[in-house]
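Below, each value reflects all heavy atoms present in this structure, side chains not excepted, and no hydrogens, waters or symmetry copies. Each chain gets a letter, A, B and so on, in the order its sequence line appears, and its residues count up from 1.
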Amino acid sequence: MPELPEVEVTRLSFAQAIQGASIIAASAGKPLRWALGCDAGSLVGRQVLGVGRRGKYLLIELDQGWLLVHLGMSGSLRFARELPPGGIHDHFEMVTTQGVLRLNDPRRFGCVVYVSRLEDAQAVKLLGKLGMEPLTEAFDLKLFAAGLHQRKAAIKQVLLAGDLVVGVGNIYASEALFMAAIRPTLSADALSKPQVARLHAAIKNVLTRAVQKGGSTLKDFSSASGQTGYFQLEAMVYGRANLPCKQCGNYIKMIRQGQRATFYCPICQKR
DNA sequence: AGAAAATCCTGGTGGC
DNA sequence: TGCCACCAGGATTTTC
C-alpha cells in the first residue's frame, strides 16, 4: 500500500534518470481512478523537467504541463532503459529518450492525470485540500496542535484523513501512534501538549526511517528500479495482532476504526 | 456549515 | 474447485 514513504522512494528511484528526457511515445490502458485528461499521443515531444511530490502524488513536470501520478493502493511505477512486454495490469506507459516509464496497477485506484497548470481545476481538486507535508518545514507544531484541537474524531482517523497532515496512511498512523505512546481511539482534541509534540516528532521519525528502508513491501511494492522495501520488518504494531509487543511483551490488539484496521499495544498506549 | 461517518470502486487472497 | 467475505486509499455522498 503506497503511503508517503513508498511514493518518495519511488520518486527517488527514477527522478534523476528521467530528468531531461523527451517523450517519444505515450499510451494509456484501462481507465484509472481519473481520466488522463488529454490524448496520450499529445504528450509526444514534451520534455520531462523533473519529478516532485505532494503528499502521495508524484508531480512530473513537463516543459508544458504536469502529470499527476497517484499509486492508489496497488500501483507501482517502473522506469528502465528497456522493460519486458506489458501485462494486463499495465495501464500507462511513456517511452522517453532515457527509458520507459510504466504504471502497473491491478486495482486501478491510482491515476495519471495531465494538467496544463497546477492551478487548473482538476489539479486543485486533487491537491487543493491536502494538509501539511510532514517531512518539510511546512509541518509546523503549532499549526498541527491547532488543527488537532478542532477535531473531535479519533486521532488515528484524523491522521488518515490527510487534510491536516498528508502521507500518513494506515501503516504509519498505527506506527507513529505507538511511537508516541498514544491510544489511537483518543479524540484528537483531547491530546495533551506533550502528546501532540511526541506525535509530531513520531510522524517525522517513522516516515523518515521508512524512506531510508525503502518503504514497506507488504505484498508487491517496489520502487521504479525494482527494489523492494524493508520497513515492514521494523513494524512495532502494524499487522501484529495477538503477537507480543516488542516493547512490553503484552499482546498487540487489533480494532477497527472507520472500516480500517488499527493496531496498538494496550499497555504502551494507555491513553 | 462543517465535521464525521458511510459508501463505493477493484481484484487478489484466504477460509470453508 | 468454487464461492464469498474481506481488505485497502481516497473521493463522494450521506448523516449529524
Side-chain angles (χ1 to χ4, degrees), chain A residues 1-10 28-37 53-59 68-77 86-92 103-113 115 120-134 146-176 184-191 207 210 215-222 229 231-232 235 237-242 254-263:
Chain A
M1 318 308 136
E3 299 180 28
L4 185 146
E6 290 73 29
V7 177
E8 181 64 7
V9 165
T10 297
K30 282 190 180 181
L32 297 166
R33 185 77 174 82
W34 308 111
L36 178 57
R53 179 184 59 74
R54 176 74 176 98
K56 298 175 189 174
Y57 284 89
L58 286 171
L59 311 180
L68 314 183
V69 180
H70 197 293
L71 300 178
M73 57 180 289
S74 60
S76 61
L77 282 178
I88 55 168
H89 296 312
D90 293 326
H91 304 304
F92 180 81
L103 173 74
N104 179 278
D105 186 1
R107 283 166 217 174
R108 295 187 282 124
F109 281 27
C111 66
V112 179
V113 171
V115 293
D120 285 2
Q122 183 69 353
V124 170
K125 185 176 117 187
L126 297 179
L127 307 174
K129 285 180 184 162
L130 297 183
M132 296 180 277
E133 278 294 329
L148 291 178
H149 189 67
Q150 55 192 38
R151 299 292 206 93
K152 292 193 190 316
I155 181 60
K156 156 85 181 322
Q157 294 177 271
V158 171
L159 291 181
L160 278 189
D163 49 1
L164 184 55
V165 55
V166 292
V168 186
N170 211 39
I171 300 171
Y172 301 112
S174 282
E175 291 299 314
T185 50
L186 185 62
S187 173
D189 68 353
L191 266 73
L207 295 179
S216 294
T217 297
L218 293 186
K219 285 212 172 80
D220 47 16
F221 169 75
S222 62
F231 188 78
Q232 72 281 3
V237 290
Y238 187 84
R240 303 194 69 247
N242 301 317
M254 181 180 96
I255 58 172
R256 197 153 289 280
Q257 289 180 287
Q259 342 281 68
R260 298 252 141 74
T262 298
F263 300 87

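Looking at heavy-atom distances under 4.0 Å, A:Arg260 makes contact with a base. Using a 4.0 Å heavy-atom distance criterion, A:Ala261 is classed as a sugar-phosphate-only contact.
Checking side-chain atoms of A:Arg53 against main-chain N and O of A:Gly55 turns up a donor-acceptor pair under 3.5 Å. No donor-acceptor pair under 3.5 Å is formed between the side chain of A:Gln257 and the backbone N or O of A:Ala154. Looking only at distances, a side-chain donor or acceptor of A:Ser74 sits under 3.5 Å from a matching main-chain atom of A:Arg107.
Counting to the nearest Å, the P atom of C:dA11 and the OH atom of A:Tyr57 are 5 Å from each other. Between A:Asp163 atom CG and B:dA4 atom P the separation is 9 Å, expressed in whole Å. Between the P atom of C:dG9 and the OH atom of A:Tyr172 lies a distance of 11 Å, rounded to the nearest Å. B:dA4 atom C1' lies 13 Å from atom CG of A:Asp189, rounded to whole Å. Regarding A:Arg256, its CZ atom lies at a distance of 16 Å from the P atom of B:dA5, rounded to whole Å. Rounding to whole angstrom units, CG of residue A:Leu160 and C1' of B:dA4 are separated by 14 Å. Taking atom CD on A:Gln259 and atom P on C:dC7, their separation rounds to 10 Å, with Å as the unit. The NZ-C1' distance, from A:Lys129 to C:dG9, rounds to 17 Å in whole Å.
Relative to the side chain of A:His89, the nucleotides C:dA11, C:dG9, B:dG12 differ in distance, and B:dG12 lies closest. Counting only heavy atoms from C-beta on, A:Arg151 has its side chain closest to B:dA4 among B:dA4, B:dT10, C:dT12. The side chain of A:Met73 sits closest to C:dG9 out of C:dA11, C:dG9, C:dC7. Nearest to the side-chain atoms of A:Arg108 among the listed nucleotides C:dT12, C:dA8, B:dT10 stands B:dT10. The side chain of A:His70 approaches C:dG10 more closely than any other nucleotide in the set C:dT12, C:dG10, B:dT10.
Look at A:Lys152 and you won't find any side-chain N or O under 4.0 angstrom from OP1 or OP2 of B:dG2.
For the pair A:Leu77 and A:Asn104, the minimum side-chain heavy-atom distance is 4.5 Å or more.
Across the interface with DNA chain B, nearest-nucleotide mapping of A:Arg33 and A:Ala153 shows A:Ala153 to be the residue nearer the 5′ end. Map A:Gln150 and A:Ile88 each onto its nearest nucleotide of DNA chain B; the residue landing nearer the 5' end is A:Gln150.
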> What's the verdict on salt bridge (charged side-chain N to carboxylate O under 4.0 Å, His left out) for A:Arg151 and A:Asp163, showing C-alpha distance, side-chain angles and the deciding distance?
Replying inline: CA-CA 11 Å; A:Arg151 299 292 206 93; A:Asp163 49 1; 2.6 Å; yes

